[in-house]
Protein chains: 2
Amino acid sequence: MASSAKALSKRAVPRRQARGIRTREAILERAVDISSVHGLDGLTVGHLATTLRMSKSGLFAHFGSKEELQLATIDTARRIFIDRIIRPALAAPKGMPRLWNLIRLWISYVEKRVFSGGCFFTAASFEFDSRPGPVRDRIALVMREWMDVLTRAVQEAQRAGHINAKIDAALLAHEIHAIAIGAHWAEQLLDDRRAYARSLSITRKMLARVATPKSPAFV
Amino acid sequence: MASSAKALSKRAVPRRQARGIRTREAILERAVDISSVHGLDGLTVGHLATTLRMSKSGLFAHFGSKEELQLATIDTARRIFIDRIIRPALAAPKGMPRLWNLIRLWISYVEKRVFSGGCFFTAASFEFDSRPGPVRDRIALVMREWMDVLTRAVQEAQRAGHINAKIDAALLAHEIHAIAIGAHWAEQLLDDRRAYARSLSITRKMLARVATPKSPAFV
DNA sequence: CCTACCGATCGGTAGG
DNA sequence: CCTACCGATCGGTAGG
């Protein structure tokens, strides 16, 4: 991908600007990874520059302030989350299959340790939940989006006749989310290697309780 | 309490040492509160000293290093957790009443905002879960203790015939814990004020599903 | 428990 | 994207 882009001589974006964008993306992907371990506050410009073999000011030129860097890091984590979990999950048909796909892909993505520190958003949520400001607001925005995606998936499953229509969709979404957070906690802090398998099993039972006979199987 | 202690002229602990201990306790209680908002890493000696109107070095004299301060802060939070939740919960008889008391007191203690940042241990857990070292180990130790307390309460309820003996006690304890963490998350990050009531209602239904007819009511 | 320090690192800027 | 800085703050120490 990178080499074919380099091979092009005529294109819309000037070479200089294109390289700047690629550098920015490389910076931000590293920033997401570092933040997943050290937090968005533990992410420092100096450390980030060193690991990228850049000068501090050279890196800083891409962002106006540390807060802008934090916000851009959150946006990058969001894009990765959408690319890796939400978009692939939409491949399954609406209803129980799509809902189950969302849960399964989410758990397996954290299990695979895409980032060194596990789930970026869980860490960021608890780091900033008591610290008012733009960073907290941005994290909350992304997490509301995610809860809406989960809630909508439940509602679609209800409309498809896979889940009992009487169930409170938002409440079920919260239960699903809580079980996943609990799995991150047990796996990462307590080194409980059965945590992810257990959370999938709990969620499966949870869904089985609200599923209609019409629902396709989910494994 | 403080004045009657001062009035005593003869006692086992010399006045100087007693004052030192009280100062240390005051420092650590403030440290728990600051950490609940800014994290155990965001807790700095300078800021802590300023809010206590002490010199940095005067405060630092109580601890050999920042890491020692962090460890002592965790121990203090643990003691508060035991005093405020576990000990009062033990007042209820073994079985479902005691288990329900643990859950109820835990949720209400975070709801009451005993600390500015909500639940100290949830924040600390996610801050250090990917950062090996003595601080992470100490947090994990306390959390294992807490999971053991919860698991034992479930087992006692099983022995008392209040909960179905076939239920996996550790698994139920993990479910209970996950729902509570999910409530902290929704309440503190998303400003969802129904989060705590909802988590109690979810947990109540969870227990109702595994309770035997012999179980006392829990509300 | 204090004053007076230390080197290192923080976020950020000037100027190229 | 760099070098060369800035003042502030970090954890920590000497000496009392």
Side-chain angles (χ1 to χ4, degrees), chain A residues 2 6 13-31 34-35 37-74 127-128 131 133-136 138, chain B residues 2 5-6 13-32 34-35 37-74 127-128 131 133-136 138:
Chain A
K6 261 185 196 165
V13 185
R15 190 171 300 176
R16 217 197 174 90
Q17 196 180 324
R19 189 166 46 176
I21 290 169
R22 254 178 290 142
T23 304
R24 195 185 139 98
E25 278 169 8
I27 293 170
L28 288 171
E29 272 166 36
R30 189 64 62 91
I34 293 175
S35 302
V37 177
H38 296 279
L40 274 165
D41 229 56
L43 172 73
T44 70
V45 182
H47 179 225
L48 185 54
T50 303
T51 69
L52 287 161
R53 272 170 248 225
M54 282 176 73
S55 72
K56 226 175 68 174
S57 65
L59 186 152
F60 206 70
H62 289 271
F63 315 93
S65 66
K66 173 156 184 184
E67 192 173 275
E68 284 300 325
L69 169 63
Q70 291 174 320
L71 293 173
T73 301
I74 295 165
E127 184 182 6
F128 276 90
R131 296 160 67 178
V135 175
R136 186 195 114 112
R138 190 73 60 101
Chain B
K6 261 184 198 165
V13 185
R15 189 171 300 175
R16 217 197 174 90
Q17 196 181 324
R19 189 166 46 177
I21 290 169
R22 256 178 287 140
T23 303
R24 196 185 139 97
E25 279 170 5
I27 293 170
L28 287 171
E29 274 167 33
R30 189 64 62 90
V32 173
I34 292 175
S35 302
V37 177
H38 296 279
L40 275 165
D41 229 57
L43 173 73
T44 70
V45 182
H47 179 225
L48 186 53
T50 304
T51 70
L52 287 160
R53 272 170 248 224
M54 282 176 74
S55 73
K56 227 176 66 174
S57 65
L59 186 150
F60 206 70
H62 289 271
F63 314 93
S65 66
K66 172 155 184 185
E67 191 172 277
E68 284 301 325
L69 169 63
Q70 291 174 320
L71 293 173
T73 302
I74 295 166
E127 185 182 5
F128 275 90
R131 295 159 66 178
V135 175
R136 186 197 114 114
R138 190 73 62 100

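Below, chains carry the letters A, B, ... as their sequence lines are ordered, and counting in each starts from 1.
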A.B. asks: May I ask you to decide if A:E68's main-chain N or O and A:S65's side chain share a donor-acceptor pair within less than 3.5 Å?
C.D. replies: yes
A.B. asks: With heavy-atom distances below 4.5 Å as the criterion, would you say the side chains of A:L43 and A:H47 are in contact?
C.D. replies: no
A.B. asks: What stem regions, each of at least 3 consecutive Watson-Crick or G-U pairs below 3.5 Å, can be found for DNA chain C?
C.D. replies: C:1-16 with D:1-16
A.B. asks: Using the test side-chain hydrogen bond (donor to acceptor under 3.5 Å, both in side chains), find all partners of B:T50 that sit at least two apart in sequence or belong to another chain.
C.D. replies: none
A.B. asks: Do any of residues 42-51 of chain B sit with a heavy atom less than 4.0 Å from DNA chain C, and if so which?
C.D. replies: none
A.B. asks: Quick one: list whatever passes side-chain hydrogen bond (donor to acceptor under 3.5 Å, both in side chains) with A:R24, sequence neighbours left out.
C.D. replies: none
A.B. asks: Going by side-chain contact (heavy atoms from CB on, under 4.5 Å), name the residues that satisfy it together with A:V135, two or more places apart in sequence or in a different chain.
C.D. replies: A:L40, A:E67, A:Q70, A:L71, A:I74, A:F128, A:I139
A.B. asks: Using a heavy-atom distance cut-off of less than 4.0 Å, which residues of residues 56-72 of chain A contact DNA chain C?
C.D. replies: A:K56, A:S57, A:F60, A:S65, A:K66
A.B. asks: Would you name the heavy atoms of A:A31 and A:T73 that are closest together and state the gap between them?
C.D. replies: CB-OG1, 3.5 Å
A.B. asks: Hey, where on DNA chain D does chain B first and last touch, going 5' to 3'? Cut-off is any atom under 4.0 Å from a heavy atom.
C.D. replies: D:dC10 to D:dT13
A.B. asks: Applying salt bridge (charged side-chain N to carboxylate O under 4.0 Å, His left out), can you list everything that pairs with B:E25, at least two apart in sequence or on another chain?
C.D. replies: none
A.B. asks: Just so I know, are the side chains of A:L28 and A:L69 near enough to count as touching, which here means a heavy-atom distance under 4.5 Å?
C.D. replies: yes
A.B. asks: I'd like to check the salt bridge (charged side-chain N to carboxylate O under 4.0 Å, His left out) partners of A:R30; sequence neighbours left out, ordered by chain and number.
C.D. replies: none
A.B. asks: Would you give the length of the straight line joining atom CE of B:M54 to atom CG of B:L48, rounded to the nearest 0.5 angstrom?
C.D. replies: 8.5 Å
A.B. asks: Do A:F63 and A:I27 touch side chain to side chain, with heavy atoms closer than 4.5 Å?
C.D. replies: yes
A.B. asks: Please list all pairs meeting salt bridge (charged side-chain N to carboxylate O under 4.0 Å, His left out) that have one or both residues in residues 39-60 of chain B, counting only residues at least two apart or in different chains.
C.D. replies: B:D41-B:R131
